[in-house]
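Letters A, B, ... are given to chains in the order of the sequence lines, protein chains preceding strands, and every chain is numbered from 1.
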Protein chains: 2
Amino acid sequence: MIRVMIAEDQALLREALAALIGLESDIELVGTAADGAEAHRLIRQHEPDVVLTDIEMPGMTGLELAALMKREQRRTRILIVTTFDRPGYLRRALESGVAGYLLKDGPSTALAEAVRKVAAGERVISPELAHQAWSEDDPLSDRERKLLRLAEAGLDSGAIAEETGLARGTVRNYLHAAISKLGAGNRIEAARLAREKGWL
Amino acid sequence: MIRVMIAEDQALLREALAALIGLESDIELVGTAADGAEAHRLIRQHEPDVVLTDIEMPGMTGLELAALMKREQRRTRILIVTTFDRPGYLRRALESGVAGYLLKDGPSTALAEAVRKVAAGERVISPELAHQAWSEDDPLSDRERKLLRLAEAGLDSGAIAEETGLARGTVRNYLHAAISKLGAGNRIEAARLAREKGWL
DNA sequence: GAAGCGATATGACAGCTGTCATGTGCGACA
DNA sequence: TGTCGCACATGACAGCTGTCATATCGCTTC
């Protein structure tokens, strides 16, 4: 019997996934969580084989959860189930040590199948995404990424400088670097391009 | 027996919702569709009582589907199930004549309950959203909205002017109007604020 | 130890943006 | 018929942005 937990913040999807899992006779649902912290607590308590989770969750992302599992040397393995099909996300997920990455676009039959493979120690990636694992590298540095995020929110260079403790000119330098790395014409376009690739 | 159809483009969610509906003894699932056009075809064929659908779908949005039902004078009623909790969306949905608007955040028990109410002719709105029906009006004119969308994509005033056939100064005037109506500090922030409210 | 690199910074300049004053033409409406 | 509001436009100006050249400091690497 494979012991599974679901961590997903949207109640409807969480319970619908539970219903779907409930149809499988060889998989047992041992708990559900609505945010990262609760998920972590329940994992410690139940030690499930597999945790189904989204990337974006309040409190802790699915990727942070995966990294935590590795750090705590638990056998619980993380299976990401998400809408995000941006190239950078899969890469970061793999680097975080997740055991599987499924798109919500895929057929539901893939879900139970993926759970079984992950429980057996295999690594599972949505076929639509497999080719993306080798796609473009994120060219942005941490600082460029951070400043780009602030610019995206509508802060001007002065406000970003205050926020980060950098000089105003330095802010413009970093944004310039990001803009030119991304082949954009201005910071807005740069932020949009980076977000589309999953680099923000 | 209430006859229900599901129109949802994400396969996993579609089938999970089907599993959830399958648990109810007084509700019968008569079909599922992955896009708006297929949904329309199946509705004509099966004439379900209620269609569960998302707003964003390839081909035809859930709102367009609702408007179509009204135009074709069908008794089939549309129940929107979506993630979008932006004020403008609910308003637009109600104007399109949908019979219900549920958030995916809500508990799954609310789903069957909402289906029953909608089938009985009632109008259902997620309680989290009820107060938003009277929330702020969209202050933007069509032109301001359009230019704001282009600005959001990273075009500068010159490029927007070319795109729209307006003079460059006029573009800046419209954006200025949008910025000041929204209380923003620049076009980026204005676009962000408008999008958060569901006005873009 | 020298060379190279990344993070941080400054200054300068052309071009873009946000703001305001002001004007024209057109349709709506009392 | 006059007036109001809206769409569209111009010009001007301060401030912001994108770009480039250049410099310092600390860390890595051969």
Asks: Is there a residue in residues 156-177 of chain A whose heavy atoms reach under 4.0 Å of DNA chain C, and which residues are they?
Replies: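 Only A/L166, A/A167, A/G169, A/T170, A/R172, A/N173, A/Y174 qualify.
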
Asks: Under the side chain to side chain contact (heavy atoms under 4.5 Å, CB included) test, which residues partner A/A99, sequence neighbours left out?
Replies: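 Applying side chain to side chain contact (heavy atoms under 4.5 Å, CB included) to A/A99 gives A/R77, A/V118.
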
Asks: Would you call B/T83 and B/D105 a side-chain contact if the rule is heavy atoms closer than 4.5 Å?
Replies: no

Asks: With sequence neighbours excluded, tell me which residues meet side chain to side chain donor-acceptor pair (under 3.5 Å) with B/R41.
Replies: none

Asks: Quick one: salt bridge (charged side-chain N to carboxylate O under 4.0 Å, His left out) pairs with a partner in residues 148-171 of chain A, sequence neighbours left out?
Replies: A/E152-A/R195

Asks: With sequence neighbours left out, what residues match A/E196 under side chain to side chain contact (heavy atoms under 4.5 Å, CB included)?
Replies: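 Side chain to side chain contact (heavy atoms under 4.5 Å, CB included) list for A/E196, sorted by chain: A/R192, A/L193.
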
Asks: Show me the pairs that pass side-chain hydrogen bond (donor to acceptor under 3.5 Å, both in side chains) and involve residues 172-187 of chain B, at least two apart or across chains.
Replies: B/E144-B/K181, B/S157-B/R187

Asks: Rounded to 10°, tell me the angle between the two end axes of the helix from C/dG1-D/dC30 to C/dA30-D/dT1, each built from five pairs.
Replies: 30°

Asks: Check every nucleotide of DNA chain D for an atom under 4.0 Å from a heavy-atom of chain B, then give the first and the last such nucleotide from 5' to 3'.
Replies: D/dA7 to D/dA12

Asks: Going by an N to O cut-off under 4.0 Å, is there a salt bridge joining B/R14 and B/D9?
Replies: no

Asks: With sequence neighbours excluded, tell me which residues meet side chain to side chain donor-acceptor pair (under 3.5 Å) with B/R75.
Replies: B/D49

Asks: Which residues, if any, of residues 183-190 of chain A bring a heavy atom under 4.0 Å of DNA chain C?
Replies: none

Asks: Would you say the side chain of B/I6 lies within less than 4.5 Å of the side chain of B/V51, judging by non-hydrogen atoms?
Replies: no

Asks: Report the residues that fulfil side chain to side chain contact (heavy atoms under 4.5 Å, CB included) with A/I55, sequence neighbours left out, ordered by chain and then residue number.
Replies: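 Result, side chain to side chain contact (heavy atoms under 4.5 Å, CB included) vs A/I55: A/L63, A/I80, A/T82, A/Y89, A/Y101.
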
Asks: Do B/E72 and B/H40 get their side chains close enough for a donor-acceptor pair, meaning under 3.5 Å?
Replies: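 A pair is found: one side chain offers a donor N or O, the other an acceptor, under 3.5 Å apart.
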
Asks: Hey, could you give me each pair passing salt bridge (charged side-chain N to carboxylate O under 4.0 Å, His left out) that has a residue in residues 17-26 of chain B? Not counting sequence neighbours.
Replies: B/E24-B/R116, B/D26-B/R116

